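Worksheet for the structure shown next.
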Amino acid sequence: QVQLVESGGGLVQAGGSLRLSCAASGRTFSRYGMGWFRRAPGKERDVVAAISRGDPSTYYGDTVKGRFTISRDNAKNTVYLQMNSLKPEDTAVYYCAAYGGMGLPTTEHAYHFWGQGTQVTVSS
């Protein structure tokens with residue numbers, strides 16, 4: 001079992017930045033790939049970014065490429081999402097998730113463990 005706890009959400013003006021953190025329990029964090037998803041009001045939950053285990057590869061959704069950066073610190077059992085140049089359309093609940101396989105899955109069903117989510121609101 002892996003328990004995930006997100007933090008760092010909040011209210012920010014358009015053009016601003018936030019850094020989300022996701023702290024994982026357990027001693028096997030390095031064995032999991034990690035992803036960030038988001039659900040905007042009235043929309044489905046979509047992948048934002050993912051990072052593999054081991055020598056990490058990364059994936060970014062088209063709408064966040066060049067603005068968001070995913071990273072991980074295995075010593076701290078934490079994955080981060082640095083969000084720059086935020087736009088009102090980035091407003092959503094952001095979720096951290098973990099998967100135990102290889103590659104960089106971009107669909108929800110591939111992820112085994114989920115955090116409770118953190119709200120990000122970008123004002124115009």
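Numbers here simply count residues along the sequence, with the first being 1. Keep in mind it's a predicted model, so treat the numbers as computed, not measured.
By the 4.5 Å heavy-atom criterion applied to side chains, Ser52 and Tyr59 are not counted as neighbours. Looking only at side-chain heavy atoms (C-beta outward), Asn74 and Arg72 come within less than 4.5 Å of each other. Residues Val120 and Thr91 have side chains not in contact (no heavy-atom distance under 4.5 Å, counting atoms from C-beta outward).
Note that the CD1 atom of Ile70 and the CD atom of Gln82 stand 12.5 Å from one another [nearest 0.5 Å]. Note that CD of Gln1 and NE2 of His112 are 11.5 Å apart. Values are rounded to the nearest 0.5 Å. Rounding to the nearest 0.5 Å gives a distance of 6.5 Å between OG of Ser71 and CD1 of Ile51. One finds the OG atom of Ser25 at 7.0 Å from the CG atom of Leu4 (value rounded to the nearest 0.5 Å).
Connection of Val122 to Leu81 is established within a shared hydrophobic cluster, with ILVMFWY side chains joined at heavy-atom distances below 4.5 Å, either directly or through further cluster members. In the hydrophobic cluster analysis, where Ile, Leu, Val, Met, Phe, Trp and Tyr join through side-chain heavy atoms closer than 4.5 angstrom, Val79 is grouped apart from Tyr95. At a threshold of 4.5 Å between side-chain heavy atoms, the hydrophobic network of Ile, Leu, Val, Met, Phe, Trp and Tyr places Val93 and Val64 in two separate groups. Linking Ile, Leu, Val, Met, Phe, Trp and Tyr whenever their side-chain heavy atoms come within less than 4.5 Å leaves Tyr60 and Tyr80 in two separate clusters.
For Tyr99, the ring pair (Phe, Tyr, Trp, His ring centres under 6.0 Å) partners are Tyr111, not counting sequence neighbours. Residues passing the side-chain contact (heavy atoms from CB on, under 4.5 Å) test with Thr107 are His109, Ala110, sequence neighbours excluded. By the side-chain hydrogen bond (donor to acceptor under 3.5 Å, both in side chains) test, Tyr94 pairs with Arg38, sequence neighbours left out.
Donor-acceptor pairing under 3.5 Å is recorded for the side chains of Asn84 and Ser17.
Among residues at least two apart or in separate chains, side-chain hydrogen bond (donor to acceptor under 3.5 Å, both in side chains) pairs with a member in residues 2-16 are Glu6-Gln116. Sorted by first and then second residue, the salt bridge (Lys or Arg N to Asp or Glu O under 4.0 Å) pairs involving residues 105-116 (not counting sequence neighbours) are Arg45-Glu108.
At a threshold of 4.0 Å, the pair Asp90-Arg67 counts as salt-bridged, since one of the basic side-chain nitrogens sits closer than that to a carboxylate oxygen. Between Lys65 and Asp62, at least one side-chain N (NZ, or NE/NH1/NH2) sits under 4.0 Å from a carboxylate O, which counts as a salt bridge.
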Test log, rule ring-ring contact (aromatic ring centres under 6.0 Å, His included), inputs Phe37 and Trp114: CA-CA 10 Å; Phe37 288 72; Trp114 291 84; 5.0 Å; yes
Stepwise side chain to side chain contact (heavy atoms under 4.5 Å, CB included) check, Cys22 with Trp36: CA-CA 9 Å; Cys22 174; Trp36 284 98; 3.7 Å; yes
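What you find for Lys76 and Thr78 is that their closest heavy atoms are O-OG1, 2.8 Å.
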Atom pairs and distances, donor-acceptor, side-chain atoms in residues 28-35, under 3.5 Å, two or more places apart:
none

